[in-house]
Amino acid sequence: MTILWVGVNILKVIAIFCWTSFAIFSLMGIYANLVYKSKHSQKKAKNVEFVLVSIANKSVQTSLFESLDNLIRRFDGKYPIHILINEGAELKEEIKKKITPYKNTDIVEVPSTYNQKLVGKGRAMSYFINKIDAKREQNWFVFLDDDNLILDDKFLYEIPYYEEKGYVASNPILVPRKGKSTFTYLADWIRYFDDLMIFKFFTGVLKKPLIGLHGELLIAKGQFLKDSKSYETRSLTEDFVFASKVVKYKQLSWQSETKVSIKSPNSIWDFFKQRSRWYQGISGYVGKTNSKMRVFVTWRLILWNLGWLSGWLVFPLWILYFNFPIWLSLFFWLGAGYFWASYIYGAHKSKKYWGIFLIPLYSIAENVAIFVSRNHKNFEVIDKN
């Protein structure tokens, strides 16, 4: 009985820690929605360049050309568009044929000999940034993944306002779109809610990306990209490293109102690989970040590890043994409601209401990725077709 008593109380402490944390983050998000709204200028920014980064092989062909079509349709003739690929990429000739009619669009190839210590997207971006000359350092560079569809141009009106105030970086609100898997599509709606709530608090209200930035529609000032040398660091999560440099050098960020469509993984295995890369990259670099950033990111990593122990597994114990006061249980439901709302909203958007019954599995799937990460140390591109 003693062992059982100790076990139950350990789970109780974990549950209190996790649900208190979730509730606190929810309150941060509620506060952000009450006080934060991005500012706009009357005119669009002119000093903007788009950079679509892709491995450009068959596994991303469909999404790459969908993204490229969207980019050309919205911005061709108005802003330079660069397609950043590795030398000898499989789809190079098809991309070249696609962009031939457009004068303001080009291909930038990363030489195979360039800085072999770097990996993946970070290596490509390092090459591109090092090619930015002095005349272009005052430009804003908008980096996109090869599954991103920009849904509006609000960010172009925001840039002049924040440029005048000395800001150097921004992120949008990510909106999932369905791939081949309904499960991963529903699970990805937590990213939308995170942007509306938690990321808005840090990136927008505090003006400090203390929990990181997305690589999707990463907007950054050319001069800071050059000076910070963020992409000279080997990392599986180059966007997180960049965010850490924004914090380290006490620069300012804002959250854009612009929404960007992102394609959800096509399978649960791809979902695991994607999340495992995030976990591996963030946990591997967090120790090198600013002290404040280290606190918040470590806090979230701990929750990522323990979240499944605080929820469905211990729910029967919650009812039978924990005996929390009603006011404390209600406080905890602020955190629970955050997750419920995101997944129910996803089920509503997909019209797959049976997905609501899978809610216990979504948090478990996020946790499984941690164990997958132990066997995936390299940058892996998931199938986006």
Side-chain angles (χ1 to χ4, degrees), residues 48-76 79-100 102 104-110 118-129 141-151 155 171-181 184-185 188 191 213-220 231 235-240 242 258-267 270-271 273-275 277-278 281 378-385:
V48 174
E49 298 183 37
F50 291 88
V51 187
L52 179 59
V53 189
S54 178
I55 193 172
N57 64 21
K58 296 292 184 180
S59 69
V60 300
Q61 182 172 3
T62 302
S63 61
L64 168 59
F65 284 102
E66 186 179 14
S67 180
L68 184 55
D69 283 339
N70 174 265
L71 201 53
I72 290 172
R73 176 171 53 83
R74 285 186 175 275
F75 305 109
D76 175 57
Y79 303 95
I81 298 173
H82 312 287
I83 298 91
L84 182 59
I85 62 175
N86 287 323
E87 181 181 22
E90 192 175 358
L91 298 176
K92 175 186 172 181
E93 293 305 316
E94 292 183 51
I95 296 171
K96 192 173 181 180
K97 182 179 179 181
K98 173 74 176 178
I99 67 174
T100 297
Y102 307 104
N104 223 16
T105 303
D106 63 10
I107 295 175
V108 178
E109 286 189 83
V110 183
L118 302 178
V119 294
K121 181 182 172 184
R123 176 175 171 272
M125 290 177 67
S126 169
Y127 177 78
F128 181 88
I129 291 165
F141 293 86
V142 180
F143 294 97
L144 295 154
D145 288 347
D146 52 19
D147 65 313
N148 296 171
L149 304 178
I150 301 175
L151 302 181
F155 67 100
N171 253 173
I173 297 168
L174 303 182
V175 182
R177 73 179 184 278
K178 189 175 179 297
K180 296 176 182 177
S181 169
T184 64
Y185 173 65
D188 257 358
R191 301 188 69 189
L213 289 166
H214 306 310
E216 296 94 342
L217 199 87
L218 174 63
I219 304 169
Y231 294 93
S235 176
L236 299 178
T237 48
E238 69 293 324
D239 47 319
F240 179 73
F242 176 72
T258 287
K259 292 183 178 179
V260 174
S261 173
I262 56 167
K263 193 169 187 179
S264 295
N266 281 327
S267 69
D270 279 341
F271 177 90
K273 288 197 295 183
Q274 181 192 64
R275 265 46 172 189
R277 176 167 60 82
W278 297 349
N378 298 315
F379 191 98
E380 292 189 52
V381 177
I382 63 174
D383 178 13
K384 296 179 182 178
N385 285 329

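Side-chain contact between V108 and I83: absent, with no pair of heavy atoms (C-beta onward) separated by less than 4.5 Å. With contacts defined as side-chain heavy-atom distances shorter than 4.5 Å, the pair L68/K98 qualifies. F240 places none of its side-chain heavy atoms less than 4.5 Å from the side chain of W278. L144 has its side chain out of reach of V51: every pair of non-hydrogen atoms, C-beta onward, lies at least 4.5 Å apart. Using a 4.5 Å heavy-atom threshold, the side chains of L217 and I150 count as touching. Looking at K178 and P176, their side chains never come closer than 4.5 Å, going by heavy atoms from C-beta outward. Here the side chains of E238 and R123 are not in contact, with every heavy-atom distance at 4.5 Å or above. With contacts defined as side-chain heavy-atom distances shorter than 4.5 Å, the pair L84/V110 qualifies.
Not a single salt bridge (Lys or Arg N to Asp or Glu O under 4.0 Å) links D106 to another residue, sequence neighbours left out. Checked against side chain to side chain contact (heavy atoms under 4.5 Å, CB included), E94 has the following partners two or more places apart in sequence or in another chain: K58, Q61, F65, L91. S267 meets the side chain to side chain contact (heavy atoms under 4.5 Å, CB included) test with W269, D270; sequence neighbours excluded.
Judged by distance alone, the side chain of T105 and the main-chain N or O of Y102 form no donor-acceptor pair under 3.5 Å. Judged purely by atom type and a 3.5 angstrom limit, S235 uses its side chain to pair as donor or acceptor with the backbone of T237. Between the side chain of D145 and the main chain of D147, no donor-acceptor pair closer than 3.5 Å is present. Using a distance-only test at 3.5 Å, with no hydrogens or angles considered, no donor-acceptor pair links the side chain of E90 to the main chain of A56. Judged purely by atom type and a 3.5 angstrom limit, S67 has no side-chain atom pairing as donor or acceptor with the backbone of L64. A donor-acceptor pair under 3.5 Å is absent between the side-chain atoms of S261 and the main chain of L149, judged by distance alone. Checked by atom type and distance alone, the side chain of N266 pairs as donor or acceptor with a backbone atom of K180 at under 3.5 Å. For N171 (side chain) and H214 (main-chain N/O), a donor-acceptor pair under 3.5 Å exists by modelled atom type. Between the side chain of N148 and the main chain of E216, no donor-acceptor pair closer than 3.5 Å is present.
Within the model, atoms CZ of F242 and CG of L213 stand 7.0 Å from one another, a figure rounded to the nearest 0.5 Å. In this structure, the separation between CZ on F143 and CG on L52 is 11.5 Å, given to the nearest 0.5 Å. Rounding to the nearest 0.5 angstrom, the gap separating the CZ atom in R74 from the CD1 atom in I81 is 12.0 Å. Separating the CD atom in E49 from the CZ atom in F75 is a distance of 14.0 Å, to the nearest 0.5 Å. To the nearest 0.5 angstrom, S63 atom OG is 12.5 Å from N70 atom CG.
Other residues, nucleotides and ligands contribute at most 12 non-hydrogen atoms within 6.0 Å of the NZ atom of K259.
We find that E66 and K263 are not joined by a salt bridge, their nearest charged nitrogen and carboxylate oxygen being 4.0 Å or further apart.
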Let me see the working for R191 and I262 under side chain to side chain contact (heavy atoms under 4.5 Å, CB included), right down to the final yes or no.
CA-CA 10 Å; R191 301 188 69 189; I262 56 167; 3.3 Å; yes
Let's go through I95 and I107 carefully: what are the C-alpha distance in whole Å and the side-chain angles of both, what is the deciding distance for side chain to side chain contact (heavy atoms under 4.5 Å, CB included) to 0.1 Å, and is it a yes or a no?
CA-CA 8 Å; I95 296 171; I107 295 175; 3.8 Å; yes
Trace of the side chain to side chain contact (heavy atoms under 4.5 Å, CB included) decision for I55 with I85
CA-CA 6 Å; I55 193 172; I85 62 175; over 6 Å; no
Report the C-alpha separation of F128 and Y231 in whole Å, then their side-chain angles, then the decisive distance to 0.1 Å, and conclude whether the side chain to side chain contact (heavy atoms under 4.5 Å, CB included) test is met.
CA-CA 10 Å; F128 181 88; Y231 294 93; over 6 Å; no
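The aromatic rings of F50 and F155 sit perpendicular to each other, their planes meeting at more than 60°, with 30° as the lower class boundary.
Residues G215 and K121 approach most closely at O-NZ, 3.4 Å, considering heavy atoms.
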